[in-house]
There are 2 protein chains.
Amino acid sequence: MNKDQIESLIPLLKEKNLRVTPQRIQILTTLIDMNGHPTAEDIQKRIPIISLATIYNNLKLFVELGIINELPYGNGLSRFEFSQSNHYHVICESCGKIADINYPELTEIEEMVANLTGFSVNNHNMEVYGKCQECIEKG
Amino acid sequence: MNKDQIESLIPLLKEKNLRVTPQRIQILTTLIDMNGHPTAEDIQKRIPIISLATIYNNLKLFVELGIINELPYGNGLSRFEFSQSNHYHVICESCGKIADINYPELTEIEEMVANLTGFSVNNHNMEVYGKCQECIEKG
DNA sequence: CTATTTGCAAAGCATTTGCAACAGT
DNA sequence: ACTGTTGCAAATGCTTTGCAAATAG
């Protein structure tokens, strides 16, 4: 995801009678600039002009629109990333940082689970837990 | 995990100067009786004599002792289960219910991720998302 | 007898909401 | 103009904590 691609999201907003406000553009741009998995607070530190309520409300909106994903793992703070398929996450148990893993998707498990449990299956996630290099160095 | 096995946990408590109170026994027994993945509130509905604070405090304690696991997925409510390895979860996106999946553990991914990311890896989880039979029937 | 535990009420923290002022389109 | 959006302050909902009274060992 890069800055030009934000423009491709504008029609999506207009289609639903949602407005293209400077706050929305800044939140998406900041998400790109931080190119990781920031919390709502992380984003607000970068753009303190925008109220936390607006950041939360818009993150929630973007999740509903499918533009971004919410990652509720860890210590009660959600983290956000642009939607993309085919990747899993490693989570640092010390600092909560999340990194992407490129690993071939385990597609076969979904059908397996549907047969085994009677659930209708939509998707799946995997998270690997450990300690990031920074936290290892800090002890 | 069955009721007799609760007794095997008692020495673990005594070892750490923790007391075997009726509340602790009842919370563990209730977790067994519900044999699923209840929330703190679910447990309290079954044993309303015990205060929610005590339930939360003891669940937290049991997690620290490694007796149970906390499953923080979904909408801000944690669910709890007895510790056991080699299983993943299916989660109903409508009602939040969690069920176990028996699926061979994907051990190889942990080493892969350690090499790929520089994290020291401790463990991993997988959750499959969908709709449970009950919720499918309800529409 | 002594240190731990209970349970109430209050605090904490991330997130959401009500509402009046504001701003896209 | 019309309707969606912002942002403050207050509310919410889950979880934790302070502290006095109760209790396990």
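Protein atom CD1 of A/Ile49 is 14 Å distant from nucleotide atom P of D/dT6, rounded to whole Å. The distance between atom CG of B/Asn57 and atom C1' of C/dA10, rounded to the nearest whole Å, is 14 Å. Distance, A/Arg79 CZ to C/dA14 P: 12 Å, rounded to whole Å. For the pair B/Glu41 CD and D/dT12 P, the interatomic distance rounds to 16 Å; values are reported in whole Å. Distance CD (B/Gln26) to P (C/dT5): 16 Å, rounded to an integer number of Å. In this entry the distance linking CD1 of A/Ile55 with C1' of D/dC8 reads 14 Å, nearest Å. Summarising the geometry, the separation between CD on A/Gln44 and P on D/dC8 is reported as 9 Å, rounded to the nearest angstrom. Put simply, CG on B/Leu28 is 15 Å from C1' on C/dT5, counting in whole angstrom units.
Under a cut-off of 6.0 angstrom, the local environment of CD in B/Glu108 is crowded, with over 12 non-hydrogen atoms contributed by other residues, nucleotides or ligands. The number of heavy atoms from other shown groups lying within 6.0 Å of CD (A/Gln84) is above 12. Around the CD atom of A/Glu41, the shell of radius 6.0 Å holds no more than 12 heavy atoms that belong to other residues, nucleotides or ligands. Around CD of A/Glu134, the count of heavy atoms belonging to other residues, nucleotides or ligands within 6.0 Å does not exceed 12. A/Glu7 CD: 12 or fewer foreign heavy atoms inside a 6.0 Å radius.
The shortest distance between the side-chain N/O atoms of B/Lys60 and the OP1/OP2 oxygens of D/dT17 is below 4.0 Å.
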N/O to N/O distances under 3.5 Å, protein versus nucleotides 21-25 of chain C:
unit_1, atom_1, unit_2, atom_2, d
C/dG24, N2, A/Arg19, NH2, 2.9
C/dT25, OP1, A/Val20, N, 3.0

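Looking at heavy-atom distances under 4.0 Å, A/Ser78 makes contact with sugar-phosphate atoms alone, never a base. The residue A/Asn58 sits close only to the backbone: its heavy atoms come under 4.0 Å of sugar-phosphate atoms, none of a base.
Where B/Asn17 and B/Ile50 meet DNA chain C, the nucleotide closest to each residue was compared, and B/Asn17 sits on the side nearer the 5' end.
Comparing D/dT17, D/dC8, D/dT15 by their closest approach to the side chain of B/Ala53 singles out D/dT17. Distances were taken from every side-chain heavy atom of A/Tyr56 (C-beta onward) to each of C/dT15, D/dT17, D/dT15; the shortest belongs to C/dT15. Closest to the side chain of B/Ser51, out of C/dC8, D/dC8, D/dT17, is C/dC8.
The aromatic rings of A/His89 and A/His37 sit perpendicular, their planes meeting at an angle over 60°, well past the 30° parallel limit.
A/Glu70 has no carboxylate O lying under 4.0 Å from a charged side-chain N of A/Lys60, or vice versa, which leaves the two without a salt bridge.
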